[in-house]
Amino acid sequence: MRVSRFFMPLLRETPAEAQIVSHRFMLRAGLVRQASAGIYSWLPLGHRVLRKIEQIVREEQDRAGAIELLMPTLQSAELWRESGRYEAYGKEMLRIKDRHDRDLLYGPTNEELITEIFRSSVRSYKDLPRNLYHIQWKFRDEIRPRFGVMRGREFLMKDAYSFDVDADGARKSYNRMFVAYLRTFARLGLKAVPMKADTGPIGGDLSHEFIVLADTGESQVYCHRDLVDMPVPENVDFQGDLTPYINQRTSLYAATEEKHDADAFAAIPEDKRLAARGIEVGHIFYFGTKYSKPMNAKVAGPKGEDVHVEMGSYGIGVSRLVGAIIEASHDENGIIWPESVAPFRVGLISLKADDPKTREVCEDLYAKLGAAGVDVLYDDTEERAGAKFSTFDLIGLPWQVIVGPRGLANGQVEVKNRRTGERQNLTPEAALNLLTRGNG
RNA sequence: CGGGGCGUAGCGCAGUCUGGUAGCGCAUCUGGUUUGGGACCAGAGGGUCGCGUGUUCAAAUCACGCCGCCCCGACCA
């Protein structure tokens, strides 16, 4: 993509409403624009990041055996009356009437709808287990939206729902999501710690929140320090026994404030105690028959008896993750994207767009990087060099290739790593080689 | 929803107390000089002062009502 043809409205000054660093950078770098309180338009740069996160989430859900579908944003109130939550949910739920005066709602979550889909189609325990998920916009009419996309009213969420014939199976489904989440957050460049959590209005007796540690986090959390850098399971057999991965983590203390046990925390060796702020990026629940009973979701068991299915639900805040990643990865100059979610992998900066030699080298690199499958944002404008440097540091692409007459006099371009600040002077061929390595 | 604050050009703000017909910086456009870390000079464009009602010869400024947004608290992926 050429900057001269892209749509990337940057702000040089920070809008007054942005209080935390991720919100400031998201506005300044042109990732989002607020449409109204807690509701955002995603501009091209932000949209690319959102899609990349979504894709990683999708791949790890699929790997763990979950199956994607797509449910609507608007739901009929009828189903919610069945579960009793139409009354219970309160003002957080946005209620709408259609032209026939029928009650609709903008879904804050989808347990009722997925249960309806399941109960109308599945009859036998032989069709279990199943885990169905979708990635869809949700709306919760927060009393006070804040922190940009971290606490919006409209947000993109991955929510999965598991169905099992018994509690033992449900526990296995829960464990599969637990491990899938560890892998997902690691791929997003985050250190997320699973913590014992409050189940809230969704209910149930087994629940973990996945917390990214950040000073601006909304939750107070307590855990054993070793959990933070614990390596992520590789080459997982999701059909096999996952309990060792779970036990490894749940045997160490980790809890959010609601579930905090001061005595258990004090039992941790002092140098391993960690009390910190955190951002909740995922939440998994096992809630048994909470919805299958009132909504009568049953299958025939092995002996021909009717059993209410055992369910769990598993959320990841996709749009919130954009903010969380920035909170966890930035410096004073701007965002530092992990390679896996960067809107472009490489920024190609022409320092003198009207110099024939500079342009020739840039165009050649742009074409060859593109041909090698590398996402490149090529600044071909006639802006001044300093402005371009500031822009690219702000938008945080992992690599910058800086091309100008001064370097080309020695046959070299400069490759800068955004995270480390490390610079190398290389021939254009060597730069190309470096940036296409390991990029299929 | 309770408490506090803000709404004036795309962004950041001054002007409001003490009414007199709107200004600064950045951004934008034109011309010129520049050109490796947010250039300089000259000129230009851009504002129903959030909306409505009222007071007044006259309202960004005063009064009342409404709307929007932000911050602190209780709730949440």
Side-chain angles (χ1 to χ4, degrees), chain A residues 9-20 23-24 27-28 30 33-39 57 89-93 107-110 135-160 181 185 192 197-202 207-212 217-219 256 258 278-285 313-324 333-334 349-355 358 381-394 400 402-409 412-414 416 421 423 425:
Chain A
L10 305 178
L11 301 177
R12 188 153 168 179
E13 289 168 280
T14 302
E17 72 267 19
Q19 300 295 313
I20 61 168
H23 193 195
R24 286 205 296 271
L27 292 171
R28 285 197 52 210
R33 183 159 296 178
Q34 181 165 313
S36 67
I39 302 177
V57 169
Y89 219 94
K91 291 192 170 180
E92 291 231 326
M93 183 150 74
T109 177
N110 285 59
I135 300 173
Q136 177 64 291
W137 293 93
K138 305 285 191 294
F139 194 93
R140 292 183 191 170
D141 199 358
E142 297 277 343
I143 296 167
R144 186 156 84 83
R146 60 184 125 171
F147 302 149
V149 299
M150 300 262 285
R151 181 76 176 277
R153 293 195 291 170
E154 187 184 54
F155 56 97
L156 187 62
M157 180 174 166
K158 184 286 298 182
D159 42 325
Y181 277 32
F185 295 124
D198 196 30
T199 52
I202 295 183
S207 173
H208 285 88
E209 288 185 13
F210 286 74
I211 301 282
V212 171
E218 290 195 88
S219 313
T256 60
E258 301 78 32
I279 302 166
E280 181 184 353
V281 291
H283 201 159
I284 59 178
F285 299 90
S313 75
Y314 315 90
I316 290 180
V318 175
S319 49
R320 168 180 283 188
L321 275 164
V322 180
N333 295 319
I349 304 175
S350 168
L351 293 182
K352 197 165 166 60
D354 58 357
D355 175 63
T358 302
T381 66
E382 298 191 12
E383 265 295 342
R384 300 176 65 82
K388 292 185 178 181
F389 291 139
S390 296
T391 295
F392 278 79
D393 282 350
L394 173 64
Q400 297 172 12
I402 299 160
V403 183
R406 193 180 293 177
L408 289 178
Q412 292 185 318
V413 300
E414 185 177 310
K416 176 182 158 185
R423 298 159 185 275
N425 288 305

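A, B, ... follow the sequence lines: proteins, then strands. Residue 1 opens every chain.
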Report task. Mind checking side-chain contact (heavy atoms from CB on, under 4.5 Å) for A/A18 and listing every partner two or more places apart, or none if nothing turns up? Result -> A/T14, A/H23, A/R24, A/L27

Requested in this report: Check every strand shown and say whether A/S319 touches a base, only sugar-phosphate, or nothing at a heavy-atom separation below 4.0 Å.
Outcome: nothing

Report task. Using salt bridge (Lys or Arg N to Asp or Glu O under 4.0 Å) as the criterion, list what pairs up with A/R423, not counting sequence neighbours. Result -> A/E414

**Report entry** B/U61 to B/A22 separation - P atoms, rounded to the nearest Å
**Finding:** 14 Å

Below 3.5 Å is the cut-off: list the nitrogen or oxygen pairs between protein and nucleotides 4-6 of chain B, distance only.
none

Report task. State which residues pass side-chain contact (heavy atoms from CB on, under 4.5 Å) with A/L408; sequence neighbours excluded, sorted by chain then number. Result -> A/K357, A/T358, A/V361, A/V403, A/V413

Requested in this report: Quick one, give me the B/S/- string for nucleotides 22-30 of chain B, reading 5' to 3', where B means a protein heavy atom under 4.0 Å from the base and S means that only happens at the primed atoms, P, OP1 or OP2.
Outcome: ---BBS---

Requested in this report: Please figure out whether A/M150 or A/R144 has its closest RNA chain B nucleotide nearer the 5' end.
Outcome: A/R144

Without placing hydrogens or testing angles, list every side-chain donor-acceptor pair under 3.5 Å for residues 142-149 of chain A, not counting sequence neighbours.
| residue | atom | partner | partner atom | Å |
| --- | --- | --- | --- | --- |
| A/E142 | OE1 | A/R151 | NE | 3.1 |
| A/E142 | OE1 | A/R151 | NH2 | 3.2 |

Query raised in the report: If the P atom of B/G10 is compared with that of B/C51, how far apart are they to the nearest Å?
Result: 13 Å

Requested in this report: Could you pull out all residues at least two apart from A/A409 that satisfy side-chain contact (heavy atoms from CB on, under 4.5 Å)?
Outcome: none

**Report entry** Distance, C1' atom - from B/G25 to B/A9, rounded to whole angstrom
**Finding:** 13 Å

Report task. Name all residues meeting the side-chain contact (heavy atoms from CB on, under 4.5 Å) criterion together with A/E383; count only those two or more places apart in sequence or in a different chain, and write none if there are none. Result -> A/T381, A/A387, A/K388

Query raised in the report: P atom, B/G12 versus B/C6: distance in rounded Å?
Result: 16 Å

Requested in this report: Report the nucleotide, chosen from B/G36, B/C75, B/C71, that has the shortest atom-to-atom distance to any side-chain atom of A/E142.
Outcome: B/C75

Query raised in the report: Strictly by modelled atom types, are A/D159 and A/Q136 linked by a side-chain donor-acceptor pair under 3.5 Å?
Result: no

Requested in this report: Could I get the full list of salt bridge (Lys or Arg N to Asp or Glu O under 4.0 Å) partners for A/D141, not counting sequence neighbours?
Outcome: A/R153

